[in-house]
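Positions are given from 1 along the sequence.
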Amino acid sequence: MDKKNIADKPDMPLTIDEIFSVIPDLIFVLDKSDRILEYRAGNTSDLYLPPNQFLGKSMCQVLPFKVARQVKKAIRQCLKSKQIAVAEYELEVQHQLKWFEARISYSNHERIIMFVRDISELKHKQASIIHQANHDSLTGLYNRSFAIDYLNQKLKEAKRHHTKTSVFFIDIDNFKELNDKFGHDYGDSVLISVAHAIASAIRDKDLIARFGGDEFMIVLEGNNPNHVLKKNCPEDHQQARLTRI
């Protein structure tokens, strides 16, 4: 495009509203007592309340208590250091739970500028990465790496509190022959069924993990008598080796 053509249109200034209409962030201007003086919203669906219910009011009074506490802490940090402070929080907006990041800065006009961005997608991706790192992709159980770290932690706690930790190692009899005869898809379905069966037999506070291949590990907290442990893992359903630590 010819640059001269652009310069020939001085009657088409870009307004602030047009600029903010393409910015996804919520922008709030607060005074030093966190009273909301002004706001801009490119995406009004991210507003927690309609403007008439928050303008002129304290930011920390209109937000839920837990979120308000996080925001208040960041505001205090910003006022003290005169540096940008960041707060991440979860908030239900229009019947949908979202994650937000608030970046708070102190302006030269003794006002607080608060940029709020929806980071729900980023949080979901992070959670997915963490889940994949700690879980077995086939059964959905914790994986070997997580189980070992968890067991080490529980052993330290048991030593500190003079309690015991019980560990089951379980494998499936003749699983290789079954896998070779009926195929890997059938073998996978057996592993999933066994995982569900074991998970349904233990308490919520206990851990089950796929240790590798057809091997599973269960970690039970507390002082569990042997007859209780054997009841949770009957030998007529799977070969089990019990270790008391």
Inset, instruction - May I ask you to establish whether R210 and F216 are in a cation-pi arrangement, using a distance under 6.0 Å from NZ or CZ to the six-membered ring centre and at most 45° from the ring axis? - result: no
Legend entry - Main-chain N/O of A133 paired with N143 side-chain donor or acceptor, under 3.5 Å: yes
Legend entry - Any pair counted as ring-ring contact (aromatic ring centres under 6.0 Å, His included), so long as it reaches residues 56-91, sequence neighbours left out: Y89-F100
Inset, instruction - Hey, could you give me the CD/CD1 distance between Q61 and I36, rounded to the nearest 0.5 Å? - result: 10.0 Å
Inset, instruction - Check the pair K98 / E92 against salt bridge (charged side-chain N to carboxylate O under 4.0 Å, His left out), numbers first and verdict last. - result: CA-CA 6 Å; K98 295 183 177 183; E92 184 176 342; over 6 Å; no
Legend entry - Value rounded to 0.5 Å, distance of SG in C78 from CZ in R103: 11.0 Å
Legend entry - Derivation of the side chain to side chain contact (heavy atoms under 4.5 Å, CB included) call for I192 and L138: CA-CA 7 Å; I192 294 171; L138 176 64; 3.8 Å; yes
Legend entry - Contact summary for V62 and K57, nearest pair of heavy atoms: CG1-CB, 4.0 Å
Legend entry - Nearest non-hydrogen partners of L47 and V93, listed with the distance: O-CG1, 3.4 Å
Inset, instruction - Say whether M217 and I148 are linked into one hydrophobic cluster, either directly or through other cluster members, by side-chain heavy-atom distances under 4.5 angstrom. - result: yes
Inset, instruction - Output the distance between atom CG (D25) and atom CG (D46), rounded to the nearest 0.5 Å. - result: 9.5 Å
Inset, instruction - Take K181 and E177, measure what salt bridge (charged side-chain N to carboxylate O under 4.0 Å, His left out) needs, and give me the verdict at the end. - result: CA-CA 6 Å; K181 182 176 181 180; E177 289 79 359; over 6 Å; no
Legend entry - T163 side, atom OG1; E157 side, atom CD - distance, nearest 0.5 Å: 8.0 Å
Inset, instruction - Would you check, one step at a time, whether the test salt bridge (charged side-chain N to carboxylate O under 4.0 Å, His left out) holds for E221 with K154? - result: CA-CA 8 Å; E221 293 186 55; K154 291 303 173 184; 3.5 Å; yes
Inset, instruction - Mark yes when over 12 heavy atoms from residues, nucleotides or ligands other than H161 sit less than 6.0 Å from its NE2; otherwise mark no. - result: yes
Legend entry - Short N-O contact, K123 and E90, less than 4.0 angstrom: no
Inset, instruction - For N179 and F175, indicate whether the former's side chain and the latter's backbone hold a donor-acceptor pair under 3.5 Å. - result: no
Inset, instruction - Measure the CG-CG distance between D206 and L220 for me, rounded to the nearest 0.5 Å. - result: 4.5 Å
Inset, instruction - Could you list all the side chain to side chain donor-acceptor pair (under 3.5 Å) pairs where at least one residue sits in residues 65-84, not counting sequence neighbours? - result: D34-K72
Legend entry - Check: F54 ring centroid to Y39 ring centroid under 6.0 Å: yes
Legend entry - Side chain H124, main chain S120, donor-acceptor under 3.5 Å: yes
Inset, instruction - Report yes if some heavy atom in the side chain of I113 is under 4.5 Å from a heavy atom in the side chain of I104; otherwise report no. - result: no
Legend entry - Contacts of F182 that satisfy side-chain contact (heavy atoms from CB on, under 4.5 Å) - sequence neighbours left out: L178, Y186
Inset, instruction - Could you tell me if the ring centre of Y142 sits under 6.0 Å from that of Y150? - result: no
Legend entry - hydrophobic_cluster_shared for F28 and L49, side chain cutoff 4.5 Å: yes
Legend entry - V86 to E101 - nearest heavy-atom pair and separation: CG1-CG, 3.7 Å
Legend entry - Between CE on residue M59 and CD1 on residue I112, distance to nearest 0.5 Å: 9.5 Å
Legend entry - Shared hydrophobic cluster, L26 / I119 (ILVMFWY, side-chain heavy atoms < 4.5 Å): no
Legend entry - F115 with Y106, same ILVMFWY side-chain cluster at under 4.5 Å: no
Inset, instruction - For R111 and V29, work out which heavy atoms get closest and say how close. - result: CD-CG1, 3.8 Å
Inset, instruction - Indicate yes or no for a side-chain donor-acceptor contact from S200 to the backbone of A197 under 3.5 Å, with no hydrogens or angles considered. - result: yes
Legend entry - Parallel, tilted or perpendicular: ring planes of F169 versus F211, cut at 30 and 60 degrees: perpendicular
